[in-house]
> 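If you scroll down you'll find the structure; I have some questions about it.
Protein chains get the first letters and strands the later ones, always in sequence-line order, with residue 1 at the start of each. Note: hydrogens, waters and symmetry copies are ignored here, and every other heavy atom, side chains too, is used.
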Amino acid sequence: MAEKLVEIKQLKQYFNEGKPNMVKAVDGISFDIYRGETLGLVGESGCGKSTTGRTIIRLYEATDGQVLFNGKDVHGKKSKAELKEFNRKMQMIFQDPYASLNPRMKVADIIAEGIDLHGLAKNKKERMEKVYKLLETVGLNREHANRYPHEFSGGQRQRIGIARALAVEPEFIIADEPISALDVSIQAQVVNLMKQLQAERGLTYLFIAHDLSMVKYISDRIGVMYFGKLVELAPSDVLYNNPLHPYTQSLLSAIPLPDPEHERSRRRKTYDPAIHNYAPDEKVEMREVEPGHFVYCSERELEAYQTNV
Amino acid sequence: MNRLLDIRNLHVSFDTHAGEVKAVRGVDFHLDKGETLAIVGESGSGKSVTTKALMRLIPNPPGRIKEGQMLFEGRDLVSLSEKEMEKLRGKDISMIFQDPMTSLNPTMKVGKQLMEPLIKHQKMSKSDARKRAVELLELVGLPNPEARMSQFPHQFSGGQRQRVVIGIALACNPKILIADEPTTALDVTIQAQILELMKELQKKIETAIIFITHDLGVVANVADRVAVMYGGQVVETGTVDEIFYDPRHPYTWGLLSSMPSLDTDEESELQAIPGTPPDLLHPPKGDAFALRSEYALKIDFEKEPPTYQLSPTHFVKSWLLHPSAPEVEPPASVRQQMKPMPNNFEKPVLAGEVR
């Protein structure tokens, strides 16, 4: 799993640049996504996690920094053919299954849009065969192809969204809160489907969410974002069992678990950015505390963290 | 007895073009003074309709309360006139909604919105109401309440708005507070703060809370008792420990095992509940959950199950508790959490046969 599929280097995304209301939504973050893994990205609303996903797939032009996909820069000048190829390899699943499907298009056309654009089917028959196969892959059936989105429930719509993403045979899928809008029992169905597809097709996921227990379940590694910065990145077990950054600790201590006895004894930690007490000349950056476990900290904090490992 | 509210055999239906949608089909539950009852279930299980019926907020037409009683301190809310209901709403029973962005009036200063129920229900003078409103903002933990009074909702963050909404709901020290997914739209850390606030305020003013949610973590955190709803019916009720450590209904099992706990290992598959909730236009015959349940018996498709009682507080509507039903094992993740319950009877009895 050592092969890097996506490399994000010092990515910045500022909105209203140069104006008084400038927002540094993503402020210089770097991480790699390995082929075949699921990287979870968590944080509270407004921390920049969705913006990160959208910038990686080039829905926004990055303000600064690089996104390398298979070693090639995603941003920057590109020929149409290059762009098309790149768009095919990287796909996105959106949060709101009600808003992300065009209500005036039949399911077959929604799913086949990518197939048509990229010329992946030679004729009508092949196109429909592909659509039917995709529907079956995501647990719907071929009769659904001629219906419209409003005829489906939320979970079924999310399945259609997944089928649409899979239609162009991508390598990398960015899932932006794909289950947040669904009922608990349906969430499990969609997550199981995503895991199964990953095993069958060797997909790589960037899974953006705020439901931390689901993220832990699906992810190999997890990154925690706070105010546009990545503050901690580690394998999921390590992050949950030994969170080092105080923000990660406060985030984890706030999750209620379905266990009444645990809840009676849970103590919540609060995070106050002032505790870092960084000196003006201190260099704060991502540092590797133990192999694979990165924390955003200063030299001084690094030493303290290392004694805690 | 501290019985505050007793809902008996409540039926609520909506008349649509396609026919009668039976959204709530015979719900029974009660609420005692100062306790928190959590109602859980999927969308469409009837949990919001039940509480809206309680507030008599079901629009008629198309909706109507077909049958049943809602006894609040002995008075049946079903038969109250709209005028009498208005006196109760916001005073004795108040409600917090899911979305703090839409439940406040965007064109009205926050202070005025807080003063409204005080002037209307408590017949306070304007200056008294103002004083009390400042106190309320302080009570819900907003710093600088004086200045906040003259601000508009858009100047507040999501968590702060939900605090204001809670402040308004608690303005008249209600006996019942209905909270419909009050933290679903909020981040975990803000959610934790709001839950702590609600518990603290509950202690202070002894309000009973009906808490609607689908997050079982939140349920474990806030609830004294839990009612699990499915297909317009309450399928299981019990104390929070009974529901989490000794659940008996297959739907409760399904809910509990479809959520990963932080120590669910990544290799095991989540137990999804297959299929979709029932169509309440044509409610299934027999047990509504039978179609999605691997534990369904033959009788589940023919006859609605009666309610069995396992302890003074634990009720389950399932044929699996019938003396001649086969023994079944709940899913592994539920079994791991099982604990013996000290108050259980020797064996389940039909509800109503005890005492």
> Which atoms of Q193(B) are under 4.5 Å from chain A, going by heavy atoms: the side chain, the backbone, both sets, or neither?
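Q193(B) touches chain A through backbone and side-chain heavy atoms alike.
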
> Can you confirm whether more than 12 heavy atoms, excluding those of K52(B), are under 6.0 Å from its NZ atom?
no

> F152(B): what forms a ring pair (Phe, Tyr, Trp, His ring centres under 6.0 Å) with it, not counting sequence neighbours?
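By the ring pair (Phe, Tyr, Trp, His ring centres under 6.0 Å) rule, F152(B) matches no residue at all.
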
> Of the listed residues (V219(B), I273(B), D215(B), L216(B)), which shares the most heavy-atom pairs with chain A below a 4.5 Å separation?
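Sorted descending by pairs with chain A, the first entry is I273(B).
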
> For Y245(B), is the OH atom crowded, meaning more than 12 foreign heavy atoms sit under 6.0 Å from it?
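Result for OH/Y245(B): enclosed.
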
> Is there a side chain to side chain contact (heavy atoms under 4.5 Å, CB included) between N221(B) and R266(A) once you walk through the steps?
CA-CA 9 Å; N221(B) 182 283; R266(A) 181 165 59 89; 3.0 Å; yes

> Considering non-hydrogen atoms only, spot the tightest contact between P256(A) and Q191(B) and give its length.
CG-NE2, 3.3 Å

> Pick one of side chain, backbone, both or neither for K339(B), based on which atoms fall under 4.5 Å of a heavy atom in chain A.
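Interface part for K339(B): side chain.
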
> Using non-hydrogen atoms and a 4.5 Å limit, figure out which bit of E261(A) sits close to chain B: side chain, backbone, both or neither.
both

> Identify the two heavy atoms, one from R268(A) and one from A192(B), that lie closest to each other, and give their separation to 0.1 Å.
CD-CB, 3.2 Å

> Do any of residues 231-242 of chain B have a heavy atom less than 4.5 Å from a heavy atom of chain A, and if so, which, in residue order?
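Counting heavy atoms that sit under 4.5 Å from chain A, the residues of residues 231-242 of chain B involved are V240(B), D241(B).
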
> So how far is it from F244(B) CZ to E263(A) CD, rounded to the nearest 0.5 Å?
8.5 Å

> How close do M214(A) and S258(B) get, heavy atom to heavy atom, and via which atoms?
CE-O, 4.4 Å

> Can you confirm whether the side chains of T189(B) and E44(A) place a donor and an acceptor under 3.5 Å from each other?
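There is such a pair between these side chains.
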
> Should we say atom NZ of K199(B) is surrounded by more than 12 heavy atoms from elsewhere, each under 6.0 Å from it?
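Result for NZ/K199(B): enclosed.
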
